[in-house]
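Accompanying notes for the structure given below.
Keep in mind it's a predicted model, so treat the numbers as computed, not measured. Note that ligands are numbered from 1 as they come in the structure, with each ligand's atoms numbered from 1 the same way.
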Amino acid sequence: MEHDFTLQQDSELRFEAERDAEDVSLKLLDGKAEIFGTELAPNKQYTFLPGAKVAVFTWHGCRLRLMGKTTGTYIATETPMVMYLNTHGCLERLRRNAERATRSSDEASHARGPICMVVGPGDVGKSTLCRILLNYAVRFGRRPIYVDLDVGQSSLSVPGTLGAVLVERAASVREGFSQEAPLVYSFGDKTPSSNMTLYNILVQKMGSDIHAKMASNKKVSVSGAIINTCGWVMGDGYKSVTHIAQSFEVDLIIVLDQERLYNDLVQDIPFIRVLYLPKSGGVVTRPRNVRATDRDERIRRYFYGLKTKFHPHTFDVKFSHVKIYKIGAPELPASCMPCDMKVDDHRTKIVPVEPGNKVKHCLLALSMATEPADLLTANVMGFICVVDVDESAGVLKVLSPHPKPLPDTLLLLTQTQFIDSA
Ligand code: ADP
């Protein structure tokens, strides 16, 4: 199937690659166009992952050829792209101010560019807006940091993680931003509410890492950071939003699609600029089961790769060769607690886990910590998945992106499960 489309200025072609379609591709025949801020080269064939939801936007008009099985294909003339571009303009002004201040100051420390976070309910286009703003920044020669705190979707590693990466190139149309050497913390679950104390500790740690990175490099410092957040904005979720703003010393909060959240933030934190932006009509809502499938797919890609099929390694590890821990112990009734223990302490308790059937199908994070006491705030080097357990032989069968042996490190148990059907 092949269709040509002519787009007038300020319009976009929206489509969804079918989930079983491997071969959806697009060519820019004439004019200029971009996908979520990444400029398309003329006559180059771009391919898409099965299930991808895409918008090809043009500022000045263009002609496109779309090939393969797609659904929901239409041209939209109403888009919020002008507002998104103006927001980029506002961030760019702050970067220029920082640049000027750095030049005129004798101090060794650099003036800081804008740290901006995007908040709003689920499925309003938060990750997409982050991608657009980061791509525009890179096209202006900036090197911003992308921080993804959305543990449900975790675009920089497996679900259940917080990640950050320095963005040096525009996102690939098919695969998003390059994931070379991201900084990753394992939270271990898909919603912050499962252990708010731990989530806040990791947010705080990530915030101080980002400030340290910015302080060490002038270009990065001036470029600033863009932070993506979870779609959890009510009750404790709201508290989490304000905690992130404090931990990262955010300069600008962009609220997508929820005026109430915008008003609450304007009232509660008057010292931070808050901006309301509408969501794009093209953003696709994903039902719970689709989110779960997307999470599985992300884990599968972590082990099996995207472009060329990786061949992950499966090997046996003796129980005696692994040290597994988890964070968080069951809550004790207040009457049973030692008097010097705080109510929240059980949430950050580091507990050894005996290898056995209960870790089957679980992802284990390879922590950078060498001592159990450091596990709470140490970043991770990667993940393995326990595909099988032989309790009688005392052996775990694991799936790993790297060959045997496992690095001599502590393993952190996560609640994230993956059943390898390959
Ligand atoms: P959130 O981060 O708020 O959950 P996303 O940015 O992940 O939302 O967007 C949800 C889905 O909608 C994504 O698959 C994204 O590719 C798609 N999407 C976003 N903007 C558009 C658009 N303008 N047209 C078509 N699809 C879009």
| note | The answer for which part of Ser280 has a heavy atom under 4.0 Å from ligand 1 is side chain
| note | For Val54, the ligand 1 atoms with a heavy-atom partner under 4.0 Å come out as 25 (C)
| message | Could you identify the single nearest non-hydrogen protein atom to atom 22 (C) of ligand 1 and state the distance to 0.1 Å? | response | Ala55 CB, 3.5 Å
| request: Taking the side chain as every heavy atom from C-beta outward, state whether Lys397 and Thr314 have any atom pair closer than 4.5 Å. | output: yes
| task | Would you please classify the geometry between the Tyr136 ring and the Trp59 ring as parallel, tilted or perpendicular, with 30° and 60° separating the classes? | result | tilted
| field | ligand 1 versus Gln153: contacting region, heavy-atom distance under 4.0 Å | value | neither
| note | protein heavy-atom neighbour closest to atom 25 (C) of ligand 1 works out as Gly282 O, 3.2 Å
| task | Under 4.0 Å, heavy atoms only, figure out whether ligand 1 is touched by the backbone of Arg14, its side chain, both or neither. | result | side chain
| Minimum side-chain heavy-atom gap Tyr46-Thr38 below 4.5 Å | no
| task | Give a yes or no on whether the ring-centroid distance for Phe15 and Phe48 is below 6.0 angstrom. | result | yes
| field | Arg286 near ligand 1 by a heavy-atom separation under 4.0 Å | value | yes
| What is the ring orientation for Phe418 with Phe303, classed by angle as parallel under 30°, tilted 30 to 60°, or perpendicular over 60°? | parallel
| field | Test of proximity, Gly125 against ligand 1: N or O pairs below 3.5 Å | value | yes
| task | Look only at the side chain of Arg95 and the backbone of Ser223, and say whether a donor-acceptor pair between them is shorter than 3.5 Å. | result | yes
| contact_flag Gly231 ligand 1 heavy-atom lt 4.0 Å | no
| Which heavy atom of the protein is the closest neighbour of atom 18 (N) of ligand 1, given with residue, atom name and distance? | Val283 CA, 3.9 Å
| message | Quick one, Lys27 with Glu2, criterion side chain to side chain contact (heavy atoms under 4.5 Å, CB included). Give me CA distance, side-chain angles, the key distance, then yes/no. | response | CA-CA 11 Å; Lys27 238 185 216 180; Glu2 187 175 296; over 6 Å; no
| field | Residues Tyr185, Thr377; criterion side chain to side chain contact (heavy atoms under 4.5 Å, CB included); working and verdict | value | CA-CA 8 Å; Tyr185 289 99; Thr377 52; 5.6 Å; no
| query | Closest non-hydrogen protein atom to atom 19 (C) of ligand 1, residue and atom name please, with distance? | reply | Thr128 OG1, 3.3 Å
| message | Taking 4.0 angstrom as the limit and counting only heavy atoms of Lys126, give me the atoms of ligand 1 inside it, by number and element. | response | 1 (P), 2 (O), 3 (O), 4 (O), 6 (O), 8 (O)
| said: Under the criterion side chain to side chain contact (heavy atoms under 4.5 Å, CB included), I'd like the reasoning laid out for Tyr238 against Asp268: C-alpha separation, chi angles, the key distance, then a yes or no. | reply: CA-CA 11 Å; Tyr238 180 75; Asp268 293 346; 2.6 Å; yes
| What atoms of ligand 1 come within less than 4.0 Å of a heavy atom belonging to Glu12? | 22 (C), 23 (N), 24 (N)
| task | Between Asp150 and ligand 1, find which residue part has any heavy-atom pair under 4.0 Å and reply side chain, backbone, both or neither. | result | neither
| query | Out of curiosity, Lys44 NZ to Ser25 OG, how far, rounded to the nearest 0.5 Å? | reply | 12.5 Å
| said: Pairs of nitrogen or oxygen atoms closer than 3.5 Å, one from Phe36 and one from ligand 1: do any exist? | reply: no
